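Here's the structure, in structure tokens; my notes come after.
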Amino acid sequence: MKVLVPVKRVLDYNIKPRPRQDGMGVELSGLKMSMNPFDEIAMEAAVRLKEAGMAEEVIAVTCGPASSQETLRTAMALGADRSFHVESPADIEPLNVARLLAAVARRESIQLVICGKQAIDDDSNQTGQMLAALLGWPQATFASAIELDPLGTMRVTREIDGGLEIVSLRLPAVITADLRLNEPRFATLPNIMKAKKKPLDLLTPEQLEVGIQPHLQCLQVFEPPARKSGILVKDVEELVLRLRNEAKVI
Amino acid sequence: MAILVIAEHDNHSLKGATRHSIAAAGELGGDIHLLVAGQNCETAAKFGQSVPRVSLVKWVELDNPSAENLANLVTSLSPSYTHVVAAATTYGKDWLPRVAAQLGVAQISDVVRIESPDTFVRPIYAGSLWTRVRSLDSLRILTIRTTAFEPVAEVGGMASLESLPADHAAGHSRRVSQELHTSERPDLESARIVVSGGRGLGSAEHFRELLEPLADQLNAALGASRAAVDLGYVPNDYQVGQTGKTVAPELYIAVGISGAIQHLAGMKDSKVIVAINKDAEAPIFQVADYGLVGDLNQVIPALTQAMAITG
């Protein structure tokens, strides 16, 4: 079984994002970029399947400009065997990413795709579900546990509002990883060195015969209305008085 | 043309999120049809008839309400609508993107403002930024952030009911079981008061010992930061923030939470925010209306007691 893990290069989660000067995007120049944290969890899940003898090969893929290749190197340092870079604009929409990924999945006869449940930049939470739909495959989103049997039936525990749900599905399928699926390993120096020699192949949307026309037009990126700053109270007594008499919420 | 709102329900009654979705749909202009699809969901469909603004409830029995089957159903209904709207909960987020992909249109996630039928504002980067986007598609598929839209009332409407043919598709995935946490407390997303704890609580025992009496006293829901979830103090569905729930109660009390932007994303629309933390530099104080710097072990029991006296 071949497992495909899509990864995305995003602004590091410790950095406070700001709108670009022209207000048409987010300022990224000169800032630290990292692999989307949920994609690290997805990658870890795939590598563990390989280590358990359930998968033969783990393939990483990213859609984005040339700089995205550094995220593929990270993916290979974390355990992916090889990778694909599909050249595309940085702000490519989830639907178009899903179309490109579907083409790669078909080309590589993928049996299982494990994605992060959302990217922490645009927070769309769409790509995995869209990919599953385009491939006509079942899905299990927000996974916190995966059990795969040798016949290709999976039981996936899903994080849902109010608790957990277990779904059963058959390969081929798409899983999206939630926070508690695993704790991703760190890339070790020897693995980072080895990753430099692993195959990284370039693809274009044209080669994949996928159109990536936009469906959305960004009109502006801006700071949301700020809360006005509050006050420090000196003790519990003052807090209770203010909540009762001023805020009138208790 | 009309707008299709997807009801979220437990087959017996509608969940609160549905009334937020209907309110959002009301801002788009047009007749509102409510889809109630599930297993033995007739009671929920009848509840839908009394929700204001809804003109028609479409009721469908699904043998297997899996993500794939729900998406196929909505995909088949969508061409007669201008918009399809669902709440950005784990239900809507699960399968609405499938509908968008099957129809070859974008989905606009987590809408917080509807500016016109084709222009929407949505948060990105954990709500640190907002983006205004225009849809270039003729059919717009939206999930809405429930806290950004005041819910319509529970009753007052008189919608007609249309039963669509039952769908017997087996589909590829199937629910095996569900483990829902039952609690006497109000639901986190609809509670008037939320008491939320973070890393500062120190342990699962401490979380319970300090926060449960306070929550009981206030009839509040309990929430948590991602750090508290990661440390195993509470289950994941307590999580408030970018990758958890978004809440906007009348009163949000953040206890021992430092206030990472990922957490603020889930609670900064609360009407009144109280932050209690021993670290005066914690970023949570920047969004708090009332901040109290102090030792949680003393402050929280004192606060619980003061609330008991206040009644």
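Just so you know, these numbers come straight off a predicted model, no measurement behind them. Per chain, numbering begins at 1; letters A, B, ... match sequence-line order.
Using a 4.5 Å heavy-atom cutoff, the side chains of A/L179 and B/D230 are in contact. Residues B/V133 and A/L219 fail the side-chain proximity criterion, which asks for heavy atoms closer than 4.5 Å. B/S128 is not listed as a side-chain neighbour of A/R18, based on a closest heavy-atom distance of 4.5 Å or more. Taking the side chain as every heavy atom from C-beta outward, B/L292 and A/L232 never approach each other to under 4.5 Å. A/D122 is not listed as a side-chain neighbour of B/Y125, based on a closest heavy-atom distance of 4.5 Å or more.
Heavy-atom pairs under 4.5 Å with chain B were tallied for A/R158, A/R155, A/E238; the largest tally goes to A/R158. If you tally non-hydrogen atom pairs under 4.5 Å between each of B/H181, B/K245, B/Q298, B/Q107 and chain A, the highest count goes to B/Q107. In terms of non-hydrogen atom pairs under 4.5 Å with chain B, the most contact-rich of A/G230, A/A98, A/A133 is A/A133. Contact tally against chain A (heavy-atom pairs below 4.5 Å) for B/I108, B/V272, B/N236, B/I261: the top residue is B/N236. Contact tally against chain A (heavy-atom pairs below 4.5 Å) for B/Q102, B/Q242, B/E189, B/R192: the top residue is B/Q242. Top candidate by heavy-atom pairs under 4.5 Å with chain B, chosen from A/K16, A/M154, A/K117, is A/K117. Annotation: maximal heavy-atom pairing with chain A below 4.5 Å, among B/V121, B/T131, B/V293, occurs at B/T131. Of all the listed residues (B/A71, B/A275, B/G291), the one sharing the greatest number of non-hydrogen pairs under 4.5 Å with chain A is B/G291. Top candidate by heavy-atom pairs under 4.5 Å with chain B, chosen from A/T176, A/D121, A/L164, is A/D121. Interface check for chain A: of the options B/T89, B/V299, B/T243, the most heavy-atom pairs under 4.5 Å are formed by B/T243. With chain B as partner, the option from A/G163, A/G25, A/P225, A/P224 having the largest number of non-hydrogen pairs under 4.5 angstrom is A/P224.
Residue B/L96: no heavy atom, backbone or side chain, is found under 4.5 Å from chain A. For A/I120, the parts lying under 4.5 angstrom from a heavy atom of chain B are both the backbone and the side chain. Interface remark: B/L188 contributes no atoms to any contact with chain A (heavy atom separation under 4.5 Å). Neither the backbone nor the side chain of B/Y238 comes within contact range of chain A; no heavy atoms are under 4.5 Å apart. Interface remark: A/Q220 contributes backbone and side-chain atoms alike to the contact with chain B (heavy atom separation under 4.5 Å). At a 4.5 Å heavy-atom cutoff, the contact between B/A302 and chain A is made by backbone and side-chain atoms alike. When heavy atoms are compared at a cutoff of 4.5 Å, B/T119 approaches chain A solely by way of its side chain, counted from C-beta outward. In this structure, chain B has no heavy atom under 4.5 Å from any part of A/N14. For chain A, the nearby part of B/R113 is the side chain; its heavy atoms alone come within less than 4.5 Å. The parts of A/F222 that come within reach of chain B are both its backbone and its side chain, each placing non-hydrogen atoms under 4.5 angstrom from that chain. When heavy atoms are compared at a cutoff of 4.5 Å, B/V274 approaches chain A solely by way of its side chain, counted from C-beta outward.
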Could you walk me through whether A/V167 and B/R174 pass the side-chain contact (heavy atoms from CB on, under 4.5 Å) check? CA-CA 5 Å; A/V167 293; B/R174 183 171 282 276; over 6 Å; no
Item to check | Verdict with supporting geometry, B/S109 and A/Q126, side-chain contact (heavy atoms from CB on, under 4.5 Å) | outcome: CA-CA 8 Å; B/S109 296; A/Q126 299 174 3; 2.7 Å; yes
>> Run the side-chain contact (heavy atoms from CB on, under 4.5 Å) test on A/L169 and B/H172 for me, step by step, so that the C-alpha distance in whole Å, both residues' side-chain angles and the decisive distance to 0.1 Å come before the verdict.
In response: CA-CA 6 Å; A/L169 63 167; B/H172 304 281; 5.6 Å; no
Exercise. Under the side-chain contact (heavy atoms from CB on, under 4.5 Å) criterion, do B/W95 and A/Q129 qualify, and how do the steps go?
Worked result: CA-CA 7 Å; B/W95 55 271; A/Q129 297 90 314; over 6 Å; no
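In this structure, A/Y13 and B/Q262 approach most closely via the heavy-atom pair O-NE2, 3.4 Å. Nearest heavy-atom pair across A/D123 and B/I124 is OD2-C, 3.9 Å. Taking all atoms of both residues into account, the shortest heavy-atom contact from B/L180 to A/D161 is CD2-O, 4.2 Å. Heavy-atom minimum distance, B/L129 versus A/P19: CD2-CD, 3.6 Å. In this structure, A/M130 and B/A100 approach most closely via the heavy-atom pair CE-CB, 3.7 Å. Of all non-hydrogen atoms in A/L134 and B/A101, the two that sit nearest each other are CD2-O, 3.6 Å.
Once rounded to the nearest 0.5 Å, the distance linking CZ of B/R132 with SG of A/C218 reads 9.5 Å. Rounding to the nearest 0.5 Å places CD of A/Q217 at 5.5 Å from CG of B/L136. Rounded to the nearest 0.5 angstrom, B/D110 CG and A/N125 CG are separated by 8.5 Å. With rounding to the nearest 0.5 Å, the separation of CH2 in A/W137 from CD in B/E68 is 13.0 Å. In this structure, B/S177 OG and A/I166 CD1 are separated by 3.5 Å, a value rounded to the nearest 0.5 Å. How far CZ of A/R180 is from CD of B/Q239: 9.0 Å, rounded to the nearest 0.5 Å.
Atom CD of B/E179 sits in a sparse spot, with 12 or fewer heavy atoms from other residues, nucleotides or ligands closer than 6.0 Å. Around CD of A/E237, the count of heavy atoms belonging to other residues, nucleotides or ligands within 6.0 Å does not exceed 12.
For the residue pair B/Y290/A/E246, the side-chain donor-acceptor check at 3.5 Å is satisfied. In this structure, a donor-acceptor pair under 3.5 Å is absent between the side chains of A/Q139 and B/S173. Looking only at atom types and distance, the side chain of B/D94 has a donor-acceptor partner in the side chain of A/T141 under 3.5 Å away.
Contact check on A/R227 versus B/D289 returns a salt bridge, with a Lys/Arg side-chain nitrogen under 4.0 Å from an Asp/Glu carboxylate oxygen.
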